[in-house]
Amino acid sequence: EASATMRREGSLLSRTSVGAFISTCGHATHVSCWHEYMSGLLRRVMQSDGFEGEGLVRPQRGEFVCPVCRRAANALLPLAPSEPP
């Protein structure tokens with residue numbers, strides 16, 4: 001059954017799968033805003049302060065909680081213009 005093979009273990013789909021696991025909710029952000037957001041998360045982790053998503057994500061591994069929908073994500077996907085410049 002597909003659901004058994006797609007069982008999530010940590011950030012991997014399974015111990016036998018190879019490749020990268022990318023998770024995103026689809027909301028957009030400016031790269032500079034995301035850097036500022038991640039800097040704040042990492043600062044709170046280093047200071048042992050609580051943060052939104054604590055226990056769900058590990059900011060030191062690039063994981064974060066979307067500030068819009070509160071879903072866990074670990075990647076930003078670049079948007080390309082719909083028409084060439």
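Keep in mind the model is a prediction, meaning the values are calculated, not measured. Residue indices begin at 1 and follow the sequence shown.
Atom NE2 of His27 sits about 9.0 Å away from atom CZ of Arg71, to the nearest 0.5 Å. The structure places NE2 of His30 at 12.5 Å from CG of Leu76, a figure rounded to the nearest 0.5 Å. Considering CG of Leu56 and CZ of Phe64, their distance stands at 12.0 Å, rounded to 0.5 Å.
Shown here for Gly53 and Val65, the closest heavy-atom pair between the two residues is CA-CG2, 3.4 Å. The two residues Pro59 and Met38 make their nearest non-hydrogen contact at O-CE, 3.8 Å. Here the closest non-hydrogen pair linking Arg44 and Gly50 is CD-O, 3.7 Å. The shortest heavy-atom contact between Val45 and Gln60 is CG1-OE1, 4.0 Å.
The 12-atom threshold is not exceeded at CZ of Arg43, counting heavy atoms of other residues, nucleotides or ligands nearer than 6.0 Å. More than 12 non-hydrogen atoms from other residues, nucleotides or ligands lie less than 6.0 angstrom from CD of Glu54.
Leu41 and Trp34 end up in the same hydrophobic cluster when Ile, Leu, Val, Met, Phe, Trp and Tyr side chains are linked at under 4.5 Å. Side-chain heavy atoms closer than 4.5 Å link hydrophobic residues (I, L, V, M, F, W, Y) into clusters, and following such links, even through other members, never connects Leu42 to Tyr37.
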### Query
Stepwise, does the side-chain contact (heavy atoms from CB on, under 4.5 Å) test hold for Val57 with Phe51?
CA-CA 10 Å; Val57 296; Phe51 63 92; 4.0 Å; yes
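Checking side-chain atoms of Glu63 against main-chain N and O of Arg58 turns up a donor-acceptor pair under 3.5 Å.
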